Amino acid sequence: MRCVVAENVAVPGGVVGCGVPSLWQQQQPAADPAPVIRKLLNLGAAITGQGSTQPCNYPTLGANIRNPVGRFRVAGGGASGAAAAVAVGDADVAVCTDFLGSLRIPAACMGLCGVVYTPGTLGPADPSAAARISDSNGKSGAVAAGDATPGSARSSDSSSGIGAAAGAGSWRSSRSGSGSSSGGGGEPLGFVAAEVGQLCRVSSCLGVPGAANLRHEVTQVVVAEDLFQLCEVEMSPGILAVKRAVLVWAGNEQAGSVQLMQFLEANTHNWRRLQLPEAPQSGPQLPPVLRAITRAAQLLYHSDLAQRYLPAVQEAVAAAANTAADQPDGDEQQQQQLQQVLGELDPMVLDALRSGAAVTQAELKVAQDIAKEVQDVLKGAVKKDVVVVAPCVPSAPPRLDAPAAVQQAWLARAHAFAAITALGGCPCVVLPVGKLPDGAPLGLCMFGQSRTDQRLLAVADKLMPHVQEELAKIRQQAAAETAAEAAAKAGSAAGKGKAGAKGAAAAGRRSSQDIQVDAKRAERAEKAKARGNEAFKAGRFMEAIKAYSEALKLHPGHPVYANNRAMAYLKVFSFEAAEADCNRALASPQLAPQDRVKALLRRGTARMHKGDLRAARSDFREVLSAEPNNRQAREELKALQQQEQDMEQTRRQHALAAAAAAANSGSGAALPGLPPQLADLDPATAAQLLASGELGDFDPRAMQAAAAAAAAASGMGGGGGYGEMPGGYNAPGAPGGGLGGGLMDGAGSEEEQLAEMLRSGGMSVVLGQNGQAVSGPRGEPVIVGPDGRELTIEPTGKLRPYKARRAGAV
């Protein structure tokens, strides 16, 4: 096996470079090769050479490498030289490092496969880097805002921030649980290859963690829908092909989607502490939580880069100064040498070094807290049998002649996509998903739980043939539709002018012919529905959607057509469209009772995948009120209950962490909005009791109040509270007030306030011994009021005492 190694990875007898030739020439050969290189050599691999990287291996656009696949497209920065060697066939695999996309971006831009392993899995990229960083910790100096001069010195605060970056590097390695250093500043190692099968074989030989045998294993594949909405429309065929491939390989039961940013926003809170720069005006606007995650990753990464590479830049500047002192024409040589060093640094990289040198220890602490929280939340949500499909880049690589603003907006989104898995410590696989007509490749990624690397690769290997097959079908379908449209236009042009007197004479007729026309339209609609049913049974869901749409165009008021199309939309992950069709069917007075149950089940499924759990629960309960023995509705309710329990457990863990911070700070401030029995306790004790669950399930807003107050008391929180939170309620400190004023301080009757609490998710629901929610005589939910009374809420919104309590209720 032929291997090319990125220049920032130590090889026997080679120099560890950083993408800046003038600095590379001053370095000595590496004392020890990277452990992964030693393993590859022992396995019989041949090192064919070192591949150039962008300056400091930073994930830029790759200006100094020509893309061998897309001639007029950017190559993608980072380890672009090693990736290009694989793309042209000079090597079988490339060994690279990646944190914010240094491996993933060039792999996607060149139509290659790539894998970034769990941090620490393959050891350090440069074993001697830690010693060099340790020796440089005492040195001061920075790249000034305007230029680099020997006299510029770093403040003690910045120095402590760089020291914290070293801690961030060790923190990144500790996420894997292996305890080994990820070395070289903490960037995880990975490989690039032309086929995912090659990556599987290399990973198996190296013994990376995870089970590669998927036999008798159930794998759930989830699509991050909200991230793909940030991509360009040209990504749609590849996304659709992956969704279809997931349905073919994993089945409908194991396929789903998630609003990943909404989930992270609801289950993390440290990102609100981070001061964000002003959002750029050009390009799609990223959600605030994604901007904060990206900023946290950049703080850690830039600080680490400054610690690793600033000493080399300073040495080059010092050498230029010595030249000026020793030689008569030294001033001119100094300027030439200085311009050579700074000219080889991409302006984006130079800005990263400057900003990294200016990072404070307080900023690093916030970034590390965000990273730890994202890691914990993803580890709890992405189980070992779950694989998440997400974008790697927002589109095909930009053209070389594209405006700079377009290129930078593309790169910013690519960095944002990479930041999620970088902070989460997740292994990631890059897969090619087709090309544009000019040959520009498209790529996306899959990630899983940490230390499931081989399993993730095995899933990708099984899925890729189905993806290629579905891409071919999509291309054929697109070609057929283009030909049909051309034929239709030609026929329409030929038929113009033939209406004449026949059309004028028939325009005023109103007789039994109208009834005959309606009957013919209904017959055509039924034929279209039959074609849709056949296509659906054969698994051709897009064709089925087209046929059902034709039937609805002919007969818009028929609820069955809308109901059938909703099911087809579910099969292709179009949950918003499925919900809209279900609403259309349910609004029809012609809908039969059995079809109404189908529409409710389908709408509940669509809402559940969209994250609207309360509305989904309402649909499934309505199904059970009509069919108490409906198995699907019961199973879906159990799944919803389990999902809510997992989210509640996450909230409790966050409250407990905030309590520990409050206890360490010695704060004794009272917590607002707590149940009466906790009002007089100190923040740490109250939050611990809430997190333990010993006092029962309280309003989640009270838990948010406990966490917010404890965080504020410990100096962790920002002013103004959490702000608007998902789920229909405001946290303390936000407009709207949360529970800070208590029930008696609000306006309106007690029933109105209780009804509002029910709608916001703040009231407990009575459950029976079978785990199902207890319902009133007309299917209305039974809740528990603050005084312990059991109440039912009627469709009108009125609350009534619940008297006929069912046996076995708890």
Side-chain angles (χ1 to χ4, degrees), residues 1-12 14 33-51 78-79 81-98 102-104 106-108 110-126 176 178 180 182-184 187-214 387 392 421 426-432 443 445-448 450-465:
M1 181 178 65
R2 300 169 303 160
C3 298
V4 62
V5 183
E7 64 175 294
N8 64 324
V9 180
V11 297
V36 64
I37 300 301
R38 187 181 295 111
K39 289 182 180 180
L40 288 172
L41 292 174
N42 292 338
L43 291 170
I47 306 299
T48 60
Q50 288 181 280
V86 175
V88 299
D90 289 344
D92 300 316
V93 296
V95 185
C96 317
T97 63
D98 184 293
S102 300
L103 180 156
R104 285 170 278 184
M110 300 181 194
L112 301 171
C113 299
V115 58
V116 181
Y117 295 109
T118 301
T121 297
L122 297 181
D126 181 9
S176 66
S178 63
S180 62
S182 54
E187 296 185 35
L189 282 159
F191 290 95
V192 175
E195 297 179 353
V196 68
Q198 182 73 56
L199 299 176
C200 292
R201 291 187 289 273
V202 173
S203 301
S204 177
C205 292
L206 294 175
V208 301
N213 188 357
L214 298 179
V387 170
C392 175
T421 53
C426 302
C428 185
V429 175
V430 179
L431 301 175
C445 77
M446 300 168 57
F447 68 88
S450 62
R451 303 190 65 78
T452 60
D453 306 63
Q454 284 206 59
R455 180 189 178 88
L456 180 65
L457 283 166
V459 171
D461 191 33
K462 294 291 185 182
L463 199 60
M464 274 306 295

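Nothing here was measured: the structure is a model prediction, and the numbers come from that model.
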State which residues pass side-chain contact (heavy atoms from CB on, under 4.5 Å) with Pro465; sequence neighbours excluded, sorted by chain then number.
-> none
Gap between atom CG of Leu456 and atom SG of Cys428 - 0.5 Å precision = 7.5 Å
Side chain to side chain, Val387 and Phe447, heavy atoms closer than 4.5 Å = no
What distance separates Leu457 CG from Leu199 CG, expressed to the nearest 0.5 Å?
-> 6.0 Å
Write down the atom of Ile37, the atom of Ala10, and the distance for their closest heavy-atom approach.
-> CG1-O, 3.5 Å
Only counting residues at least two apart or in another chain, list the ones meeting side-chain contact (heavy atoms from CB on, under 4.5 Å) with Ala91.
-> Val4, Thr48, Val86
List in chain and number order the residues that pass salt bridge (Lys or Arg N to Asp or Glu O under 4.0 Å) with Arg38, two or more places apart in sequence or in another chain; answer none if no residue qualifies.
-> none
With Ser203, which residues qualify under side-chain hydrogen bond (donor to acceptor under 3.5 Å, both in side chains), at least two apart?
-> Tyr117
Taking all non-hydrogen atoms of both residues, which atom of Pro33 and which atom of Pro12 are closest, and how far apart?
-> CB-CD, 3.8 Å
Shortest non-hydrogen contact between Ala194 and Leu112, atoms and distance | CA-CD2, 4.1 Å
Would you please name every residue forming a salt bridge (Lys or Arg N to Asp or Glu O under 4.0 Å) with Asp461, sequence neighbours left out?
-> none
Salt bridge (charged side-chain N to carboxylate O under 4.0 Å, His left out) contacts touching residues 86-95 (sequence neighbours left out) | Arg2-Asp92
Arg201: side-chain hydrogen bond (donor to acceptor under 3.5 Å, both in side chains) partners, not counting sequence neighbours | Gln198
On a heavy-atom basis, the closest approach of Thr118 and Thr121 is O-OG1, 2.6 Å
Sequence neighbours excluded, the answer for side-chain contact (heavy atoms from CB on, under 4.5 Å) partners of Cys3 is Met1, Leu40, Ala45, Ile47, Val93
What is the distance from atom CD of Glu195 to atom SG of Cys113, rounded to the nearest 0.5 Å?
-> 7.5 Å
If you look at every heavy atom in Arg451 and Pro209, which pair is closest and at what distance?
-> O-CB, 3.7 Å
Pairwise distance CZ(Arg104) to SG(Cys445) - rounded to 0.5 angstrom | 7.0 Å
Output for pair (Leu122 CG, Leu206 CG), nearest 0.5 Å, gives 6.0 Å
In short, Ala125 meets Asn8 closest at the heavy-atom pair CB-O, 4.1 Å
Apply side-chain contact (heavy atoms from CB on, under 4.5 Å) to Ala458 and list each qualifying residue two or more places apart in sequence or on a separate chain.
-> Leu214
